[in-house]
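Here is the structure we will look at.
First listed ligand is number 1; within each ligand, the first listed atom is number 1. The residues of the chain are indexed from 1 along the displayed sequence.
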Amino acid sequence: MQFIDLNAQYLRIKQKVDERINAVLQHHRYIMGPEIDELEQKLAQYVGTDFCISCSSGTDALLLPLMAWGIGPGDAVFTTPFTFIATAEVIRLVGATPVFVDIDPKTFNIDSGALYDRVKQVAAENKLTPRVVIPVDLFGLPADYAGIDQIASEFDLLILEDAAQGFGGRIDDRRAGSFGMAAATSFFPAKPLGCYGDGGAVFTNDPQLHSELVSIRVHGEGRDRYSNDRIGLNARMDSIQAAVLLEKLEIFPDELKKRQKIADSYHQQLEGKVLTPGSPEKFHSSWAQYSILFENTHSRDINRDNLAKHQIPSAVYYPMPLHLQKAFEDLPYKQGDFPIAEDISSRILSLPMHPYLEESDIIKISSLISQY
Ligand SMILES: *Cc1c(COP(=O)(O)O)cnc(C)c1O
């Protein structure tokens, strides 16, 4: 059994993917070929934004808007400590200061109440300027954008949605990727929509931001390739990756339905044994991960070992919250600062989750799980 079965997906669309890749091998426009434009239009349409800017990774998709907005030293960027390192790494890369805020124990996403208090406090201290909040749609579940929007307008913050895992999720009929002033997603192979290498995209409705992102993506280019208006990056997506994504996007709505069915089935099998992930009303997860909570670390680790003994892979996302990482040791954080994130990280376990998981696999996995 596999944690994510990319081969089953490839076999389903092999012929079409191979044809698309072959088309790139024929036209040789490996960089910014026609697939890029086609993909950007289809992605923007799917998410429901005016613009999509494809790029080299989810990390660069987070970095590009921060660069465009001129975020830097002296600026506070608020985010969750319970996420992948990239979310906070980009804050450091532009020279700004990450300000962590604890999570909601039910959704594992940034707690809006705690965010309000922290932004107010940082504003009152007058050392850092509150500029941006990066909510993460963790495991596929969109963050509490109603709450975050209110705080952002009161304190004049920009919202950069980290939809690296959230792509395909929605609140009511609004899709993940459309909630911030800008949103970043990732097409790393293991994400809900993945390519065959690294890739990412930024979404926005802001035409000025769009043109700045397009420029920063290619060395800050101006009118033409050899006039440079600003410092940028080499952050383009390869045509081959766009070709792969175009075919995968075709089956993505069907795959989302399958993920939802699998989540429902896990829920049915596991309810009462462990805490299963729920969604607030009108929230729909893309089920990037299916993560359950045990009573304690011991119980989690015994279950993990037992699953491994039966050749069932599982993963701990994330074993160490970001405020405790060595990379951030110069920031004034210590154990105990974010008790909810710390507690959840000690008890959480993510189970195999992909659209091609069989019902019999779910039953087998679930029957092996118990609190001990
Ligand atoms: C995967 C991920 C990223 C980074 O995406 P890459 O494409 O790997 O650079 C950023 N944020 C979150 C929450 C992620 O899960």
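The CG atom of Leu307 sits 5.0 Å away from the CD1 atom of Ile369 when rounded to the nearest 0.5 Å.
Between Phe252 and Phe167, a ring centre-to-centre spacing shorter than 6.0 Å is recorded. Aromatic ring centroids of Phe100 and Phe78 lie 6.0 Å or more apart.
When each atom of ligand 1 is checked for a heavy atom of Val136 under 4.0 Å away, the hits are 13 (C). Taking every non-hydrogen atom of Ser186 and a distance limit under 4.0 Å, the qualifying atoms of ligand 1 come out as 5 (O), 6 (P), 7 (O). Residue Ser57 approaches ligand 1 through these ligand atoms, each under 4.0 Å from one of its heavy atoms: 7 (O), 9 (O). Less than 4.0 angstrom separates some heavy atom of Thr87 from each of these atoms of ligand 1: 11 (N), 13 (C). Those atoms of ligand 1 that come under 4.0 Å of a heavy atom in Gln165, given as number and element, are 13 (C), 14 (C), 15 (O). In the vicinity of Ala86, heavy-atom distances shorter than 4.0 Å reach the ligand 1 atoms 4 (C), 10 (C). Every atom of ligand 1 is numbered from 1 in the order shown, and the set under 4.0 Å from a heavy atom of Thr83 is 13 (C).
A side-chain donor-acceptor contact under 3.5 Å links Ser239 to the backbone of Tyr30. Between the Asp137 side chain and the Gly140 main chain, no donor and acceptor come within less than 3.5 Å of each other.
Remark: His298 NE2 is loosely packed, at most 12 non-hydrogen atoms of other residues, nucleotides or ligands lying under 6.0 Å away.
The pair Arg29-Asp238 does not meet the salt-bridge criterion, since no charged nitrogen lies less than 4.0 angstrom from a carboxylate oxygen. With salt bridges taken as basic N to acidic carboxylate O contacts below 4.0 Å, none links Lys261 and Asp264.
Looking at ligand 1, you'll find an N or O of Gly58 within less than 3.5 Å of one of its N or O atoms.
The nearest protein atom to atom 11 (N) of ligand 1, hydrogens excluded, is given as Asp162 OD2, 2.8 Å; this is a heavy-atom distance.
Looking at Thr59 against ligand 1, both its backbone and its side chain come within 4.0 Å, counting heavy atoms.
In this comparison of Gln289, Glu89, Lys191, the heavy atom closest to atom 1 (C) of ligand 1 sits on Lys191.
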